[in-house]
Amino acid sequence: MLVLCEGQRQNMEVDQMQRQYLDYTKSLFLEGFLDGQFLQLQQLQDENNPDFVVEVVSLFFEDSERLLNDLTFSLEQKTIDFKKVDAHVHQLKGSSSSIGAQRVKNCCIAFRNFCEEQNIDACLSCLQQVKQEYCHVKNKLETLIRLEQQIVAAGGSIPVMEFSF
């Protein structure tokens, strides 16, 4: 009969959480939610700034929600200022690109093209798609952050994702 002391059990739990974290992170890349920019953000995090990724992601959430509200308001107007709409989409594209939110960024690229064409129906459709992709990536990133917090709370360190997938 195998008897594990508390420290061994805790190490096994941390190992399991770290594997789960790496598998989940890998799935986010394989499913196109994130791109290499997110890995670069993670590499900027260190002992001196352990909450760097959480802070950047939180700012992304705040910015994105403000911009999505601004876009919704702008597209509900009788006379639509497509230059203003495009400026909001451009900001959202930059923000999503800076954290590696690939699907949101890609939606914004299409959205900007429809702004240029002043195609209201296509812009409204893109707005719904951007909102949906934003909600998906927000939920995925919140899950990833919770996994990180559980690993740290259990005394482990956040594993670094390799570029080999």
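Only this structure's heavy atoms are used, side chains among them; waters, hydrogens and symmetry mates stay out.
Listed here is the closest heavy atom pair of Asn48 and Asp46: N-OD1, 3.0 Å. In plain terms, the two heavy atoms of Val130 and Cys108 that are nearest each other are CG2-N, 4.3 Å. Between Phe52 and Gln45, the shortest heavy-atom distance links the atoms N-OE1, 3.4 Å. Minimum interatomic distance between Ser97 and Gln37 (heavy atoms only, all atoms of both residues): O-CG, 3.2 Å. Closest non-hydrogen pair, Ala154 versus Val14, comes out as O-CG2, 3.5 Å. Nearest heavy-atom pair across Phe60 and Tyr134 is CE2-CE1, 4.0 Å.
Note that CD of Gln149 is 8.5 Å distant from CG of Asp51, once rounded to the nearest 0.5 Å. We find the OG1-CD distance between Thr143 and Glu148 to be 11.5 Å, quoted to the nearest 0.5 Å. Here the straight-line distance linking atom OG of Ser74 with atom CG of Asp86 works out to 11.5 Å at 0.5 Å rounding. Note that CD of Glu65 is 8.0 Å distant from SG of Cys135, once rounded to the nearest 0.5 Å. Rounded to the nearest 0.5 angstrom, Thr25 OG1 and Gln20 CD are separated by 10.0 Å. To the nearest 0.5 Å, the span separating CD1 on Ile80 from SG on Cys115 amounts to 9.5 Å.
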Legend entry - side-chain contact (heavy atoms from CB on, under 4.5 Å) between Lys131 and Thr72, worked out: CA-CA 10 Å; Lys131 284 180 177 181; Thr72 301; 2.9 Å; yes
Legend entry - Steps toward side-chain contact (heavy atoms from CB on, under 4.5 Å) verdict (Leu39, Leu34): CA-CA 9 Å; Leu39 291 176; Leu34 298 176; over 6 Å; no
Inset, instruction - Verify salt bridge (Lys or Arg N to Asp or Glu O under 4.0 Å) between Arg19 and Asp15, making sure each step is shown before the conclusion. - result: CA-CA 6 Å; Arg19 276 193 304 280; Asp15 288 346; 5.1 Å; no
Legend entry - side-chain contact (heavy atoms from CB on, under 4.5 Å) evaluation trace for Gln18 with Ile151: CA-CA 7 Å; Gln18 288 171 327; Ile151 291 168; 4.1 Å; yes
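The shortest side-chain heavy-atom distance between Arg112 and Cys126 does not fall under the 4.5 Å cut-off. The closest side-chain heavy-atom distance from Leu147 to Met17 is not below 4.5 Å. Within the 4.5 Å cutoff, the side chain of Gln91 has no heavy atoms near those of the Asp63 side chain. Annotation: side chain of Ile109 is in contact with side chain of Asn106 (closest heavy-atom distance under 4.5 Å). Residues Leu124 and Gln128 form no side-chain contact, since every pair of their non-hydrogen atoms from C-beta on lies 4.5 Å or further apart. Residues Gln132 and Gln129 form no side-chain contact, since every pair of their non-hydrogen atoms from C-beta on lies 4.5 Å or further apart. The closest side-chain heavy-atom distance from Leu28 to Phe38 is not below 4.5 Å.
One hydrophobic cluster, built from ILVMFWY side chains closer than 4.5 Å, cannot hold both Phe82 and Phe114; they sit in different ones. Hydrophobic clustering, with ILVMFWY side chains joined whenever heavy atoms are under 4.5 angstrom apart, groups Val152 together with Tyr21. The cluster map of Ile, Leu, Val, Met, Phe, Trp and Tyr, joined by side-chain heavy atoms under 4.5 Å apart, puts Leu59 and Ile145 in different clusters. A single hydrophobic cluster is seen to contain both Tyr24 and Ile99, as judged by linkage of ILVMFWY side chains at heavy-atom distances under 4.5 Å, directly or through other members.
No donor-acceptor distance shorter than 3.5 angstrom exists from the side chain of Gln42 to the backbone of Val53, with no hydrogens or angles considered. The backbone N or O of Phe33 sits nowhere less than 3.5 Å from a side-chain atom of Gln102 that would complete a donor-acceptor pair. Not one N or O on the side chain of Ser125 forms a donor-acceptor pair closer than 3.5 Å with the backbone of Asp121. Listed for the Gln77 side chain is a donor-acceptor partner under 3.5 Å among the backbone atoms of Phe73. Without hydrogens or angle criteria, Ser95 side chain to Leu92 main chain gives no donor-acceptor distance under 3.5 Å.
At most 12 heavy atoms of other shown residues, nucleotides or ligands fall within 6.0 angstrom of atom NE2 in His90. Within a 6.0 Å sphere centred on CD of Glu31, heavy atoms belonging to other residues, nucleotides or ligands number more than 12. Few gaps surround CD on Glu117; more than 12 heavy atoms of other groups in view lie less than 6.0 Å from it.
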